[in-house]
Amino acid sequence: MSLKNKQGRNAPGKKDFTKLKTPHTYAIIFFVVVICWILTFLIPAGKFSTHTIEYTDANGETATRTVLMADTFRYSYALDTDFVADALSDIRQDEALMEELEVDPDALSALLKTDPSAWTQEDLDAVGLSDDEMYSMYGEEFYDTGKKLHKTAKIWGTEDFGGFGFLNYVFEGLVTGDRSGSAVGICALILVVGGAFGIIMKTGAIDAGIYAFIKSTRGLERLALPLLFFLFSLGGATFGMAEECIPFAMIMVPFVIALGYDSIVAVTVTYVASQVGNAVSWMSPFSVAVAQGIAGVPVLSGATFRLVMWAVVTLASACFMMAYAERVRKNPQHSVVYEGDAYFRDRLNSVTEEEREFNLGHKLILLEMLAVLIWIIWGVTQKGFYIPEIASQFFVMGFAAGVIAIIFHLNGMTINGMASAFQGGVADLAGTAIVVGMAKGILLVLGGSDADVPSTLNTILYAIGTVLEGVPAFIGAWAMYIFQSLFNLVVTSNSGQAALTMPIMAPLSDLVGVPRQIAVLAFQLGAGFVDAFTPVSASLIGVLGVARIEWGKWAKFQIKMQAFFFLMGTIIIAIAVAINLQ
């Protein structure tokens, strides 16, 4: 026995830290929720007034967006009821003002007859006087500014019983949004896609196609990875590809593992590549175009710089991926997901020679899948299809594949077999859908992402903007990049982050002495790169669920890639400042 074995790993009382178990994704999110809840006790809530702006979108059409007004931040305060009582009396005597404000005269008269000391903003809302309207007329005079209020959730509670409690973050997170967004829409999409691919995998077409591809390419299959990376990056750059990667990952994971790599490579070549493209896009309508419109920068300006940036960053990122991929191919057991990937390896190894035969039925299913994928890309880019339409298209894909399998007697497929396969596919991704709701709960605990609703998040946003005033140009631009990266850990919607941050960052760039184009650049780099890491991203969690990768294990790999991204982002910001990018 070696000295190392005698004195190291096997020594009594010694702990092998290399074998510490990675925390479960559910546990990680829970602890993040608790930390965010504690922050709400330490940081008072704040809010901004909002207004609607018009800008020219990427199609040259006029679009609108509700954004915050940077100079209207105020902390959450109780009302100065004495001042408010006098103000309401004055308003009641001014008929023209009441008509302009759309105040209900009768309701206002009734309110004036009650005890002012018990009035709250809800009472003013009831008569038609919003907090924003009162602030625009009186500034902070109508507040009792002696005490800043906190928006802290209770331990337990619901909207109908005591108000939101942070221990209800799972349910509340799951039911937020609508059919076209997170979390309801994304959860439904994940379940439908899971069911559809449950049918497709049952047909055996993908497994047979993988073996046919490997057999026919004869060692050139490694060239497929960088090519696919560029294609997914192009998707992210042109139409903001994100949720669309979930079904693609269901195909890519077994394919990449069959080539000798791991599921981390599969997620990188699909979802990470799309977010790289999004981060360095010259035309994405959901990130750079929105941010430029809000910042008052001509939409799609700076495209030449960004096109060069896209090519260089995509190439560098693909090389980083291939360096990791080749290490895994040479020694698969070095992968942190080696044990988890056994599910896919065992399934591929269990396929008999007869099942590996690439017959007409398999070819028809793959052609049908290709046709639907083209239909989806066309719909997203040309018709504005989004989550509901994408989900229905994938259901059609799965259903048609099942029918073809029945006709060609693939894997003994029957109608009941189709139903069972769909059920199994849904069950496989049910846990992933839950994670999406959990991640959304983090934002709810911080008070939500609405600029005109008091929250801890708004106060953090305002504080960062204040700190950056007066710093040197490069430091200011670099700090904006860091801030946008950190902000994306909790707000992952690119257009939502733009609406929240650009109204502050754009004028702040004027004070720092850098063009607003650079403020937009800092936004898109931070928002895009970190989307490949944050556990709050519904799209990332969906892809990881498909690949059966726990977020903690993903983070072990991705933290190194994020450092690489951050270095590239810093260099890009430095170049942009040096050339005074306009």
Side-chain angles (χ1 to χ4, degrees), residues 190 192-217 221 224-225 227-228 231-232 244-263 265-267 269-271 340-377 390 393-413 417-418 420-429 432 542-543 545-549:
I190 288 172
V192 172
V193 168
F197 271 90
I199 297 174
I200 292 169
M201 299 308 294
K202 174 68 175 176
T203 68
I206 289 181
D207 294 336
I210 289 172
Y211 285 113
F213 176 85
I214 294 174
K215 183 178 180 180
S216 62
T217 54
E221 63 272 5
L225 292 184
L227 176 61
L228 287 167
L231 289 176
F232 279 95
E244 297 85 351
C245 291
I246 297 173
F248 279 104
M250 300 194 81
I251 301 172
M252 292 302 301
V253 170
F255 171 70
V256 169
I257 290 176
L259 296 182
Y261 304 109
D262 65 2
S263 53
V265 174
V267 173
V269 82
T270 51
Y271 184 73
D341 285 350
Y343 168 83
F344 299 102
R345 290 194 301 271
D346 292 345
R347 195 185 71 193
L348 289 167
N349 293 334
S350 66
V351 178
T352 65
E353 286 299 324
E354 181 181 353
E355 291 172 329
R356 294 185 186 189
E357 181 184 351
F358 194 39
N359 59 39
L360 179 59
H362 294 143
K363 294 174 183 177
L364 289 176
I365 289 174
L366 294 182
L367 285 173
E368 178 260 335
M369 290 174 62
L370 177 62
V372 174
L373 292 175
I374 293 173
W375 178 30
I376 289 171
I377 293 172
I390 293 172
Q393 288 167 312
F394 274 104
F395 182 82
V396 170
M397 177 193 288
F399 179 80
V403 171
I404 293 172
I406 291 174
I407 293 173
F408 285 86
H409 307 290
L410 301 179
N411 277 2
M413 182 70 81
M418 280 179 61
S420 296
F422 185 89
Q423 182 182 29
V426 170
D428 285 343
L429 292 188
T432 300
V543 174
V546 165
R548 295 174 174 259
I549 302 175

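Please read these numbers as outputs of a predicted model, since none were measured by experiment.
Distance check: M250 CE to C245 SG gives 13.5 Å after rounding to the nearest 0.5 Å. The CD1 atom of I206 sits 10.5 Å away from atom NE2 of H362, with the distance rounded to the nearest 0.5 Å. To the nearest 0.5 Å, atom CD1 of residue I406 and atom CG of residue N411 are 12.5 Å apart. Distance check: M369 CE to I376 CD1 gives 10.0 Å after rounding to the nearest 0.5 Å. Interatomic distance, Q393 CD to E244 CD, rounded to the nearest 0.5 Å: 10.0 Å. Considering CD1 of I365 and CD1 of I199, their distance stands at 10.5 Å, rounded to 0.5 Å.
Counting heavy atoms from C-beta on, the side chains of T203 and I404 never come closer than 4.5 Å. M397 has its side chain within reach of F197: a pair of non-hydrogen atoms, C-beta onward, lies under 4.5 Å apart. Counting heavy atoms from C-beta on, the side chains of L373 and F394 come closer than 4.5 Å.
A salt bridge between D341 and R548 is absent, with no side-chain N of the basic residue lying under 4.0 Å from a carboxylate O of the acidic one.
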Legend entry - Steps toward side-chain contact (heavy atoms from CB on, under 4.5 Å) verdict (L410, N359): CA-CA 10 Å; L410 301 179; N359 59 39; 3.7 Å; yes
Inset, instruction - Show your reasoning for whether side-chain contact (heavy atoms from CB on, under 4.5 Å) applies to V256 and L225. - result: CA-CA 8 Å; V256 169; L225 292 184; 4.0 Å; yes
Legend entry - Audit row: F358, L366, side-chain contact (heavy atoms from CB on, under 4.5 Å) steps and yes/no: CA-CA 11 Å; F358 194 39; L366 294 182; 3.6 Å; yes
Legend entry - Candidate pair L348 and Y343, rule side-chain contact (heavy atoms from CB on, under 4.5 Å), full reasoning: CA-CA 9 Å; L348 289 167; Y343 168 83; over 6 Å; no
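Minimum interatomic distance between V267 and A547 (heavy atoms only, all atoms of both residues): CG2-CB, 3.8 Å. Here the closest non-hydrogen pair linking P254 and A249 is CD-O, 4.5 Å. When all heavy atoms are compared, the tightest approach of F344 to V546 is CZ-O, 3.7 Å. In terms of heavy atoms, I200 sits closest to A401 at CG1-CB, 3.8 Å. A pairwise comparison of heavy atoms in V192 and F422 identifies O-CE1, 4.1 Å as the closest pair.
The residue from V372, L370, L364 that alone fulfils the side chain to side chain contact (heavy atoms under 4.5 Å, CB included) condition with E368 is V372. Test V265, I257, T270 against M252 for side chain to side chain contact (heavy atoms under 4.5 Å, CB included) and you get one pass: T270.
No more than 12 heavy-atom neighbours from other residues, nucleotides or ligands sit within 6.0 angstrom of CZ on F399.
Residues passing the side chain to side chain donor-acceptor pair (under 3.5 Å) test with D262, sequence neighbours excluded: Y324, S335.
For F248 and F232, the gap between ring centers is short of 6.0 Å.
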